[in-house]
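For clarity, every value in this text was computed on a predicted model and none was experimentally measured. Chain naming here is simple, since letters A, B, ... match the order of the sequence lines and numbering starts at 1 in each.
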Amino acid sequence: MMLAELDNNSNLPAGIYYFINIMRDAFVKNQVRRYRQLQGRDNRKIIGTYCITVPEELIYAAGAIPVRLCGGSYEASCIGDELVPRDTCPVVKASVGFTSLNPISLYQMCDAVIVSTTCDAKRKLGEELSNYTEVWMLEVPHIKDTDGSRRQWIQQLYTLKKNIEKLTGRKFIGRRIRRKALEDSIGIINRARYQARRLYEIRKSPAPVILGREAMLAINAYSYDIAFEWTRAMSELNDELEALYHKGQFVCSEYTPRILIAGSPMIFPNWKIPSLIEEMGAVIVTDETCMGNRYLYDPIGTTEKSVKDMMVGIAARYLMPCVCPSFTPNEDRLYRLLQMAEEFNIDGIIYHVLKGCVVYDFELIRVEKIMKEKNIPVLRIETDYNPEDIEQLRTRIEAFIEIINSKKRKMKEA
Amino acid sequence: MTVSQIRWITLTVSFFVLSFGGLAALSLGNFLPTFSCFYVESRSGTCFLWVLQHLLDHGYWEAYKSLGKYLLYFSLLVIVIGRAWCGWICPLGFFQDVLDLIRRKLHLGYISFPEELRAQLSCVKWIFLFIALLIPLWVSFPFFGKSIAMDLRQPFCQLCPGKYILPFILGDTVDVAVNFKSTTTIIMSVLGLIFSGVVIFGALLKRRFWCPYCPMGLFLSFYKKISFIKLKKDCQKCTMCGICYNVCPMEIKDLLTERKNEDVTFTDCTLCLRCVEYCPEDETLRATFFGRTIYKSSSKGFFSRQHITSGFPEEKHQVVSEPYQ
Ligand code: SF4
Ligand code: SF4
Ligand code: SF4
Ligand code: SF4
Ligand code: SF4
């Protein structure tokens, strides 16, 4: 449904079709040919991941392929409804739903999945999934900056590394994740991040050259693609967008209200909020969700090529800059939001809370407080994957955007 | 050229100039804020710590007066570039960095001490500094233990790894031995040799192993508030990615956790600027000279130094053969 809507927009940049096709193959056509091919022909393992705190470098370095499985489908969440408590968040419901019934191959094909112990629901998710597949839990410390948690986290990654090696290793050969492989995989994903950052920069332009729902979809597609291929496609898209910018072909004017989406992850196909916002005449210039900008923003920096140093670098990257509210204290997120509001010249924030996602809801008050000082309105939207509330959401979003519009008009006159 | 490369060049040139400059009759004075060791015959300038201990233990006015003069010159040198003397000039720093380079080339990891241990060890540099300041005063007024006191001249130098390591690597092994003159000298030189062994071994395992305990470094850090060079951080732009902490050879964590003050020139900082080079956020870390930015971090720089801003990894990483459509 969402894809058809996107497709119908005749102004789409050509580069975006690649990403739309990834989504279509994964969720509509239920086609995972590339992965199957890799699994069958090249004997590669596929490892599912359930959070951005799972280091994909380790997976690539072992010759395996990661796919990010956090579920965003309404149908799957309905299946999951039967299996987990009612108040669980829809991400976990959909993930359990997908795994239990195996309706799509994306979930079926995984040889093992990695679940991080971030929020309560994710912690229990791992336990539930272990009924169906091999699960490795990854214990994420909740207080980030103590020496103890740093050490514990590095230790966890070494354990994970061992698990992956056990899965991918063949007898006698290729048992270990080698130094060179690790170095390469860091390079590969840093390349992807570099392209993601280019898109991030492009979206800062006063008049946008790409709509937020498309840009977010492109980033989201990374979950279901192979990093290398994604990077290539993203670099083409970026080149195209830069050209559009120089030609002055904007998708909307610089007076269009600029929205930042914050809060619980928005995972395809749950695309209703991005679509609504942009249908109502605003533009999403950036987001701070873990399926969007946060996913590929921070790079890994290492000064030497020893396994030890690279592991330290990977550990830091996947823990320190992550501002998921399952961490505490989480002041860093407020700094991040303020910085984004400034960089992107934000007019309003839509704060997305998935029903049952307590941690994001908790931080709303703080976010509202700091944004009030900056005179940026915040609209909290609590919803799940059910499409029934679309009309109601539409009214609220419309009103919110209208307020911003009138404010902007006044400012323009003054 | 990256800052690291420029620093290597400066460090190497300084090492040779300071170690061999004397052969070309070059004389840079005896108030240098760096380990240009007195015990290196061919040096072109002398470590201020030696002069300090030497003049303090004289106990008469003229010596103190010239000490005051040297202290003034020393201070001026430190005020201008602060602890960049450590990161960019010091011969013992160079020696440690060379060992570090060897370790890296062998792809061996480094060790890092737990924070708690680091905090406990941070008193060591103070102890060394007190040894360098107080014992010479006792030597100059030896109201007890006169013979012991006289054998304790330049007490810190007798312990200093610089005294043993620097002449040794330049091929001069005369001082690299136990001094059997008296019990005191035996103890001091044995301790000094042990320290030197530990430093050599340590520097192969840990980045800038000795510098956190160096009294000279501590002395230089006293000037950090008035020094012209400063390290600055834009706390709002920082994403807490932790890279600066990981790459810092002095393992300064405050640099990462600082959320209030702009000035992040911490006591241990040797101004090597590696953190600035590796910070991936635009203008988040900066080095300033006289308030003017001389070097700043940038996202673009971060990625281009890894050669990933254009082109793609070689074919072997291309895991998929079939085009996607
Ligand atoms: S919201 Fe937090 S716990 Fe959930 S996937 Fe994102 S980062 Fe992980
Ligand atoms: S022994 Fe150490 S303190 Fe003494 S002059 Fe040499 S380097 Fe300086
Ligand atoms: S701390 Fe001491 S040994 Fe280290 S670079 Fe500075 S002066 Fe040299
Ligand atoms: S804080 Fe930066 S400049 Fe100072 S020692 Fe560490 S890496 Fe070098
Ligand atoms: S490297 Fe830069 S962005 Fe990262 S924690 Fe340090 S100062 Fe902040």
Side-chain angles (χ1 to χ4, degrees), chain A residues 18 21-22 25 33-34 37-38 41-42 44 60 63 65 144-148 150-151 179 184-185 187-188 190-191 193-194 197 201 225-226 228-229 231-233 235 297-309 311-313 315-317 319-321 323 331-332 335-336 338-339 342, chain B residues 4 100-101 103-112 114-118 207 234-249 253 256-257 259 274 277-282 299-300 302-304 306-314 316-325:
Chain A
Y18 174 87
N21 282 334
I22 287 180
D25 277 16
R33 206 177 55 227
R34 307 171 104 179
Q37 198 185 23
L38 285 167
R41 188 195 61 191
D42 301 348
R44 287 181 186 253
Y60 278 111
I65 313 286
K144 291 188 285 191
D145 56 8
T146 68
D147 203 34
R150 177 182 157 94
R151 276 166 195 271
R179 186 178 60 71
D184 287 346
S185 68
I188 289 175
N190 268 358
R191 274 190 162 79
R193 293 182 182 125
Y194 172 69
R197 275 202 185 205
E201 291 301 318
D225 197 5
I226 289 137
F228 174 76
E229 301 288 323
T231 308
R232 187 190 286 278
S235 121
Y297 185 76
D298 294 284
I300 289 180
T302 54
T303 45
E304 42 194 271
K305 304 296 169 217
S306 59
V307 171
K308 147 98 202 213
D309 189 53
M311 288 297 280
V312 168
R317 152 67 175 79
L319 184 68
M320 296 308 291
V323 289
E331 292 282 301
D332 297 352
Y335 280 97
R336 194 80 196 101
L338 277 178
Q339 176 65 13
E342 207 169 276
Chain B
S4 294
D100 194 67
L101 190 69
R103 175 186 62 72
R104 269 183 214 216
K105 289 281 176 238
L106 295 174
H107 301 297
L108 299 173
Y110 51 85
I111 55 165
S112 50
E115 245 171 68
E116 208 178 319
L117 181 63
R118 287 209 300 267
R207 301 169 295 184
D234 184 331
C235 295
Q236 182 178 314
K237 282 187 183 159
C238 170
T239 63
M240 289 277 162
C241 70
I243 292 179
C244 50
Y245 177 36
N246 288 341
V247 303
C248 173
K253 191 180 183 183
L256 161 68
T257 49
R259 271 300 197 195
R274 207 190 265 182
E277 184 178 348
Y278 280 87
C279 172
E281 297 302 314
D282 287 334
S299 171
K300 189 112 205 191
F302 174 89
F303 284 103
S304 66
Q306 300 180 38
H307 310 291
I308 60 178
T309 47
S310 62
F312 293 97
E314 312 99 74
K316 67 175 169 159
H317 298 303
Q318 203 165 352
V319 283
V320 178
S321 53
E322 220 172 295
Y324 207 19
Q325 220 8 286

Heavy-atom contact with chain B under 4.5 Å, split by part of [X]:
X: A/D332; value: both
X: A/Y60; value: neither
X: A/I300; value: backbone

Which one of [options] has the most heavy-atom pairs closer than 4.5 Å to chain B?
options: A/A315, A/P299, A/G148, A/G63; value: A/P299
options: A/R151, A/R193, A/E331; value: A/R151
options: A/R150, A/E342, A/K305; value: A/R150
options: A/K308, A/E304, A/M320; value: A/E304

With a 4.5 Å limit on heavy-atom distance, are the side chains of A/T146 and B/E115 in contact? no
Quick one: does A/R197's side chain get under 4.5 Å of B/F302's, heavy atoms only? no
Determine the option with the most heavy-atom pairs under 4.5 angstrom with chain A, choosing from [options].
options: B/P114, B/G242, B/S299; value: B/P114
options: B/R259, B/Q306, B/R274, B/E277; value: B/R259
options: B/K105, B/E116, B/E281; value: B/E281

Pick one of side chain, backbone, both or neither for [X], based on which atoms fall under 4.5 Å of a heavy atom in chain A.
X: B/K300; result: side chain
X: B/C244; result: neither
X: B/S112; result: both
X: B/R103; result: side chain
X: B/L106; result: neither
X: B/F303; result: side chain

List the atom of [X], the atom of [Y], and the distance in Å for their closest heavy-atom pair.
X: B/C241; Y: B/P280; value: SG-CD, 3.9 Å
X: B/Y245; Y: A/D147; value: OH-OD1, 4.5 Å
X: A/K144; Y: A/L319; value: CD-O, 3.2 Å
X: A/Y18; Y: A/D225; value: OH-OD2, 2.6 Å
X: B/N246; Y: B/Y110; value: O-OH, 4.0 Å

Value rounded to 0.5 Å, distance of [atom1] in [X] from [atom2] in [Y]:
X: A/E229; Y: A/I22; atom1: CD; atom2: CD1; answer: 9.0 Å
X: A/I226; Y: A/I188; atom1: CD1; atom2: CD1; answer: 11.0 Å
X: A/R34; Y: A/D25; atom1: CZ; atom2: CG; answer: 8.5 Å

